[in-house]
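Taking it in order: structure first as structure tokens, then the write-up.
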Amino acid sequence: MERADPVSLTSTFFDRDVEVVARDLIGAELTVAGVGGIIVEVEAYDDQDPASHSYVGPTLRNAVMFGPPGHAYVYRIYGLHWCLNVVTGPVGSGSAVLIRALQPTKGVDAMVTRRGVSELRTLCAGPGRLTHALAIDSSHNGAPLFEAPFSISVQEVKPEVVAGPRIGISKATNLHRRFAAKGSAYLSRPVSLL
DNA sequence: GGTATGATTGACT
DNA sequence: GTCAATCATACCA
């Protein structure tokens with residue numbers, strides 16, 4: 001049988017508007033050292049967005065967001081979890097896509113061991129869970145996601161994408177900048193219709 | 001110098 | 001449903 005192979009993404013993919021990249025990332029496969037899965041949930045942020053870390057302009061913490069597209073912005077949240085973002089273009093726009101949930105496909109055993117749970121549904125369902133499962137931490141901050149140990153590739157099947165309000169923020173809740181694979185069982189939470 | 005606050009999760013009532 | 005864990009950053013004195 002014939003089928004197209006997955007296409008690995010390069011830096012140009014990320015050098016576009018943050019919402020466009022966010023939608024296109026749904027259904028792509030993200031792995032770190034061969035461990036990961038299909039991206040099923042993301043959120044978009046930029047420097048015009050009161051809920052974004054980049055809203056206040058460049059600082060030591062968010063410097064990576066204002067750097068080249070395709071690089072990882074990793075930060076600690078609530079003192080105990082890591083969150084993974086992909087910087088998007090153009091350079092200096094302070095925009096990034098928060099990766100919120102994966103459907104596990106590669107290296108499931110390794111992820112189960114790291115997380116200490118075996119249910120696939122919750123293995124990578126949430127930004128903190130996902131980074132734990134893939135062993136992502138501050139050492140990856142600023143690293144290019146289109147080079148080893150990272151890999152992002154577009155799959156042959158593109159899920160239908162739905163949008164809704166973002167999760168866990170108190171500002172700009174009217175913006176529908178959360179994107180998810182419709183009907184996926186691996187989301188951190190169902191997409192609200194608000 | 002001190003203090004308030006989160007793009008969260010897991011445990012518990 | 002409520003709440004503690006735990007710390008880098010931001011902001012105020």
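Reminder, nothing fancy here: chain letters follow the sequence lines and each chain counts from 1. Being a predicted model, the structure only gives us computed values, none of them experimental. Both backbone and side-chain heavy atoms feed into the values below; hydrogens, waters and symmetry mates do not.
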Next item on the list: Could you measure between the two C1' atoms, the one in C/dG1 and the one in B/dA7, and give it in whole Å?
Entry: 23 Å
Check: Applying ring-ring contact (aromatic ring centres under 6.0 Å, His included), which residue pairs with at least one partner in residues 166-194 of chain A are found, sequence neighbours left out?
Finding: none
Pair up each side-chain donor or acceptor in residues 139-151 of chain A with any protein partner under 3.5 Å, not counting sequence neighbours, and list the distances.
| from | atom 1 | to | atom 2 | distance (Å) |
| --- | --- | --- | --- | --- |
| A/S139 | OG | A/D137 | OD1 | 2.6 |
| A/H140 | NE2 | A/A135 | O | 3.3 |
| A/N141 | OD1 | A/V74 | N | 2.9 |

N/O donor to acceptor pairs below 3.5 angstrom from side-chain atoms of residues 102-111 of chain A, sequence neighbours left out:
| from | atom 1 | to | atom 2 | distance (Å) |
| --- | --- | --- | --- | --- |
| A/T105 | OG1 | A/E29 | OE2 | 2.9 |
| A/K106 | NZ | A/E29 | OE1 | 3.0 |
| A/K106 | NZ | A/E29 | OE2 | 3.4 |

Item checked: Strand DNA chain C as a dot-bracket string - pairs counted if Watson-Crick or G-U with both distances under 3.5 Å, | where the partner lies in another strand -> |||||.||||||.
Next item on the list: Heavy atoms of chain A, cut-off under 4.0 Å: which first and last nucleotide of DNA chain B, 5' to 3', fall inside that, if you could look?
Entry: B/dG6 to B/dG10
Next item on the list: Quick one: list whatever passes side-chain hydrogen bond (donor to acceptor under 3.5 Å, both in side chains) with A/R114, sequence neighbours left out.
Entry: none
Next item on the list: Would you jot down, in residue-number order, the residues of residues 117-128 of chain A having a non-hydrogen atom under 4.0 Å from DNA chain C?
Entry: none
Item checked: Set of salt bridge (charged side-chain N to carboxylate O under 4.0 Å, His left out) partners for A/R16, sequence neighbours left out -> A/D24
Next item on the list: For A/E43 and for A/R115, locate the closest nucleotide of DNA chain B by heavy-atom distance; then report the residue assigned to the nucleotide nearer the 5' terminus.
Entry: A/E43
Check: Mind checking whether A/V97 and A/F14 have side chains closer than 4.5 Å, heavy atoms only?
Finding: no
Notebook entry, point to check: Does the side chain of A/D15 come within less than 4.5 Å of A/P90's, by heavy atoms?
Noted result: yes
Next item on the list: Any chance you could pull the hydrophobic cluster mates of A/I77, using side-chain heavy atoms under 4.5 angstrom and chaining through other members?
Entry: A/Y45, A/V64, A/M65, A/F66, A/Y73, A/Y75, A/Y78, A/L80, A/V87, A/L98, A/I169
Checklist line | Under the side-chain hydrogen bond (donor to acceptor under 3.5 Å, both in side chains) test, residues paired with A/T173 that sit two or more places apart | finding: none
Notebook entry, point to check: Do you see a donor-acceptor pair shorter than 3.5 Å between the side chains of A/S153 and A/S8?
Noted result: no
Item checked: Set of salt bridge (charged side-chain N to carboxylate O under 4.0 Å, His left out) partners for A/D47, sequence neighbours left out -> none
Margin query: Looking at A/R166 and A/D49, is any side-chain nitrogen of the basic one under 4.0 Å from a carboxylate oxygen of the acidic one?
Written below: yes
Item checked: Rounded distance [0.5 Å steps], CD1 in A/I167 versus CD in A/E41 -> 6.5 Å
Check: How does each nucleotide of nucleotides 4-10 of chain C score, in 5' to 3' order, for protein heavy atoms under 4.0 Å: base (B), sugar-phosphate only (S), or none (-)?
Finding: -BBB-SS
